[in-house]
Amino acid sequence: QRTESELAHRATHDALTGLPNRTLLEDRLHQACARIRRTGVSVTTMFVDLDDFKAINDTHGHQAGDQVLREVAARLQTCIRDTDTVSRLHGDEFVVLCEGLSPAEVAQVEARIVESFAEPMPVGSTRLVVGSSVGVAMTDDPDIEFAELLARADQAMYRVKRAHRR
């Protein structure tokens, strides 16, 4: 039974960060959409992408990159409620899933995420400033598909990323 439990955890969590993976995130979104049908609360997805993460790996090595990803996971978890979900999709892409937030509350969570990256991250004997771009998508549509909501947040994130480059 313990082995089955460990295998189930591995199937639904990222090995590096311990965060829920895409499979578990999708399941939690389906559950959230079922709650939309019953209660009418909104669901918010925040797509968080690290800025210039490849440069960290290229300059400091993959071990340093892994350390940054674990630190990002820890920082993101401090920005949300216990009922929300932070997941790692792959690489340097993370998704935050929140339910029942007003637009003002969403803006507060987004600001906490951005602020959490202001403090340099310890990497070996150095400290690195790691930037992030956050894209937000909200819905109260109980029939939205996982891929659609994720795509909306991803598109919003790319708009933010382009605005950073100006």
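We number each residue from 1, following the sequence as shown.
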Salt bridge (charged side-chain N to carboxylate O under 4.0 Å, His left out) against Arg152, all qualifying residues, sequence neighbours excluded:
Glu148
Across all chains, not counting sequence neighbours, the salt bridge (charged side-chain N to carboxylate O under 4.0 Å, His left out) partners of Asp58 are Lys54
Write out all pairs satisfying side-chain hydrogen bond (donor to acceptor under 3.5 Å, both in side chains) with one or both partners inside residues 59-71, taking only residues at least two apart or from two chains.
Glu71-Arg75
With Gln1, which residues qualify under side-chain hydrogen bond (donor to acceptor under 3.5 Å, both in side chains), at least two apart?
none
Who are the side-chain hydrogen bond (donor to acceptor under 3.5 Å, both in side chains) partners of Arg38, not counting sequence neighbours?
none
Hydrophobic cluster of Leu149, others only, ordered by chain and residue number, side-chain cut-off 4.5 Å:
Leu25, Leu29, Ile36, Val43, Phe47, Leu89, Val95, Leu97, Ile144, Phe146, Leu150, Met157, Tyr158
By side-chain contact (heavy atoms from CB on, under 4.5 Å), which residues pair with Arg127, not counting sequence neighbours?
Glu119, Pro120, Pro122
Side-chain donor-acceptor distances from residues 100-110 under 3.5 Å, at least two apart:
{"from": "Ser102", "atom 1": "OG", "to": "Ala104", "atom 2": "N", "distance (Å)": "3.4"}
{"from": "Ser102", "atom 1": "OG", "to": "Glu105", "atom 2": "N", "distance (Å)": "3.1"}
{"from": "Ser102", "atom 1": "OG", "to": "Glu105", "atom 2": "OE1", "distance (Å)": "3.3"}
{"from": "Glu105", "atom 1": "OE1", "to": "Ser102", "atom 2": "N", "distance (Å)": "2.7"}

By side-chain hydrogen bond (donor to acceptor under 3.5 Å, both in side chains), which residues pair with Asp49, not counting sequence neighbours?
Lys161
Go through the structure and list residues passing salt bridge (charged side-chain N to carboxylate O under 4.0 Å, His left out) with Arg35, not counting sequence neighbours.
Glu99
Applying ring-ring contact (aromatic ring centres under 6.0 Å, His included), which residue pairs with at least one partner in residues 6-46 are found, sequence neighbours left out?
His9-His13
Those residues at least two apart in sequence (or on a different chain) that pass salt bridge (charged side-chain N to carboxylate O under 4.0 Å, His left out) with Arg10 are none
